[in-house]
Q: 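Okay, here's the structure, questions in a sec.
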Amino acid sequence: MEQHTYLVVMAGGIGSRFWPFSRTHHPKQFHDVLGMGRSMLQLTVDRFRGICSPENVFVVTNRDYTDLVQQHLPELPSDQILGEPIGRNTAPCIAYASYRIAQRDPEAVIIVTPADHAVMHEENFRDAIRKALGAAQMHNVLITLGIQPSRPDTGYGYIQFIDEDVRSKDVVAAKGVEQSNFPKGLFKVKTFTEKPNLELAKMFVSSGDFLWNSGLFVWRADAIISAFHHYLSDIAEVFDEGYSELGTEREEDFITRAYTRCRNISIDYGVMEKADNVYVLPADFGWSDLGTWDSLHRMGHHDADENVVDGNALLYDTRECVIKTPSERLVVVQGLEGFIVAEYDNVLLICKRTEEQRVKEFVADVKTKKGLGYN
């Protein structure tokens with residue numbers, strides 16, 4: 001299977017919720033967020049070793065970041081770094097990569113992953129990916145990995161699934177799936193809900209039939225392209241017209257034109273919420289979307305007072321804080337509880353962890369009142 005397995009890493013976001021560490025000129029996927037000596041992008045590619053050959057790894061990013069991708073992944077040929085002229089959300093990004101891969105290998109099975117996730121139990125992760133690959137290779141299905149929720153988090157999307165063994169139900173047969181070789185443990189998706197309020201999140205978690213939407217997908221190239229034709233036909237039409245230009249010296253010009261015609265829409269809203277062949281694989285591998293400072297606090301190494309510290313710091317009477325500062329600067333913190341203290345590139349942020357959702361508001365104010373040099 002490995003020769004037909006492809007990895008698409010989405011690495012074009014700015015990550016403004018992680019400001020000031022994540023900045024327009026150097027987003028978080030190019031930082032060593034976890035203090036492991038590897039950037040988020042490098043860790044993402046690392047965890048697929050043994051599943052996907054290096055020659056089958058593609059990174060989709062903003063054209064402004066293609067040089068950064070090359071620096072972080074010097075082994076990656078330049079033609080496997082797909083530069084987007086403008087951000088158009090995940091659907092055009094996935095269409096671009098899927099059409100490009102399908103042109104190269106019509107039998108391709110594609111894994112799609114963001115570049116900024118953390119995984120603590122990598123063997124469990126690989127087992128789940130291999131299981132999803134096996135199902136996707138054999139069947140015309142769109143698979144997403146769902147994470148068992150540990151709390152009613154309002155920052156994640158939720159997937160409701162039908163709690164029955166799909167191998168023994170006509171719900172599978174209706175899609176032409178052979179029940180005899182359909183893997184156990186995949187469930188038909190019923191609904192997607194994007195970032196609910198706290199009361200809904202509590203109901204979802206207590207019901208037991210909702211999972212967090214990880215944003216990890218597995219499908220055959222022909223299956224996802226067919227889904228684009230059915231549910232996002234305007235985007236499919238754009239890439240159908242330019243199919244012969246992909247992989248040639250005309251590709252960059254075509255993509256520049258194509259993205260002006262593609263609407264800004266996510267793959268979840270455009271395809272996954274509408275398609276009737278979507279399945280979820282529940283998984284538990286110590287996953288986190290490292291999109292916020294609070295997520296770093298949950299995933300990072302805690303000291304005796306539940307602080308996560310990455311920097312040259314002395315702490316006194318300080319609990320449950322995130323301290324991330326340059327190693328060349330000594331930072332002394334006294335008397336804080338539940339705060340973020342983060343400094344990067346001439347910007348210092350001090351903010352309550354419970355107010356971290358206001359970081360985007362802070363960034364907007366900084367742009368307006370202090371100029372673009374700090375965003």
Side-chain angles (χ1 to χ4, degrees), residues 7-47 57-74 76 78 80-94 96-97 112-119 155 214-216 259 264 266-267 288-297 299-300 310-311 322 324-326 340 342-349 351 356-367 370-375:
L7 175 65
V8 173
V9 182
M10 299 183 292
I14 295 172
S16 59
R17 289 181 299 167
F18 220 64
W19 183 88
F21 194 61
S22 185
R23 308 282 277 277
T24 301
H25 64 280
H26 202 93
K28 66 180 177 190
Q29 59 266 32
F30 303 107
H31 287 278
D32 177 14
V33 174
L34 293 172
M36 298 176 65
R38 301 282 282 171
S39 68
M40 297 302 297
L41 176 61
Q42 290 169 328
L43 289 174
T44 298
V45 173
D46 289 349
R47 74 176 62 108
V57 174
F58 285 78
V59 176
V60 187
T61 190
N62 189 287
R63 284 179 182 168
D64 291 341
Y65 305 146
T66 54
D67 287 345
L68 274 172
V69 172
Q70 194 75 77
Q71 290 171 28
H72 284 247
L73 301 172
L76 202 67
S78 58
Q80 290 171 221
I81 303 172
L82 308 183
E84 297 181 290
I86 49 176
R88 279 290 185 262
N89 216 317
T90 53
C93 162
I94 289 171
Y96 179 12
V112 179
T113 179
D116 57 356
H117 289 183
V119 170
S214 71
L216 284 157
Y259 268 63
N264 188 321
S266 71
I267 195 70
S288 177
D289 169 8
L290 277 177
T292 65
W293 288 107
D294 200 50
S295 64
L296 177 59
H297 185 265
M299 293 295 290
D310 183 5
V322 178
K324 194 168 181 66
T325 54
I340 300 159
E343 181 185 358
Y344 180 76
D345 195 17
N346 208 30
V347 176
L348 171 65
L349 170 71
C351 171
E356 70 160 359
Q357 295 301 326
R358 297 186 62 190
V359 170
K360 283 193 173 184
E361 173 192 335
F362 303 156
V363 174
D365 283 349
V366 166
K367 288 180 183 177
K370 299 296 182 180
L372 298 177
Y374 299 101
N375 70 322

Q: Working to the nearest 0.5 Å, report the span between NE2 of H72 and CG of L43.
A: 11.5 Å
Q: Verify the neighbour count for atom OH of Y344: are there more than 12 heavy atoms of other residues, nucleotides or ligands below 6.0 Å?
A: yes
Q: Testing H31, M36, Q29 one by one against V33 for a side chain to side chain contact (heavy atoms under 4.5 Å, CB included), which residue passes?
A: H31
Q: Taking atom types as modelled, find out whether D345 and H25 have a side-chain donor-acceptor pair closer than 3.5 angstrom.
A: yes
Q: Looking only at heavy atoms, which two atoms of K28 and S22 are closest? And how far apart?
A: N-OG, 2.8 Å
Q: So which atom in G37 and which in D32 form the shortest heavy-atom distance, rounded to 0.1 Å?
A: N-OD2, 2.8 Å
Q: Quick check for you: to the nearest 0.5 Å, what is the distance between I340 atom CD1 and K324 atom NZ?
A: 13.0 Å
Q: Shortest non-hydrogen contact from V359 to S16?
A: CG1-O, 3.5 Å
Q: Taking R23 for the side chain and Y374 for the main chain, is one N or O donor matched with an acceptor at less than 3.5 Å?
A: yes
Q: Can you tell me how far apart CG (N375) and NZ (K367) are? Round to the nearest 0.5 Å.
A: 5.0 Å
Q: Check whether any side-chain N or O of Q70 sits under 3.5 Å from a backbone N or O of L76 as a donor-acceptor pair, and report yes or no.
A: yes
Q: If you measure from CE on M299 to CG on D289, what distance do you get to the nearest 0.5 Å?
A: 10.5 Å
Q: If I compare all heavy atoms of S39 with all of F30, which pair ends up nearest, and what's the gap?
A: CB-C, 3.8 Å
Q: Might you point out which heavy atoms bring V69 and I81 nearest each other, and give the distance in Å?
A: CG1-CD1, 3.7 Å
Q: Can you tell me how far the NE2 atom of H117 sits from the CG atom of L216, to the nearest 0.5 Å?
A: 6.5 Å
Q: Can you give me the closest heavy-atom contact between W19 and L349, atom names plus distance?
A: O-CD2, 3.5 Å
Q: Kindly compute the distance separating OG1 (T24) from CG (N62), expressed to the nearest 0.5 Å.
A: 10.0 Å
Q: Are any non-hydrogen side-chain atoms of Q42 and L73 less than 4.5 angstrom apart?
A: yes
Q: Verify, without hydrogens or angle tests, whether E343 (side chain) and T325 (backbone) share a donor-acceptor contact under 3.5 angstrom.
A: no
Q: Are L290 and L34 side-chain neighbours, meaning at least one heavy-atom pair lies under 4.5 Å?
A: yes
Q: Does the plane of the ring in W293 sit parallel, tilted or perpendicular to the ring in F18? Use 30° and 60° as the thresholds.
A: parallel
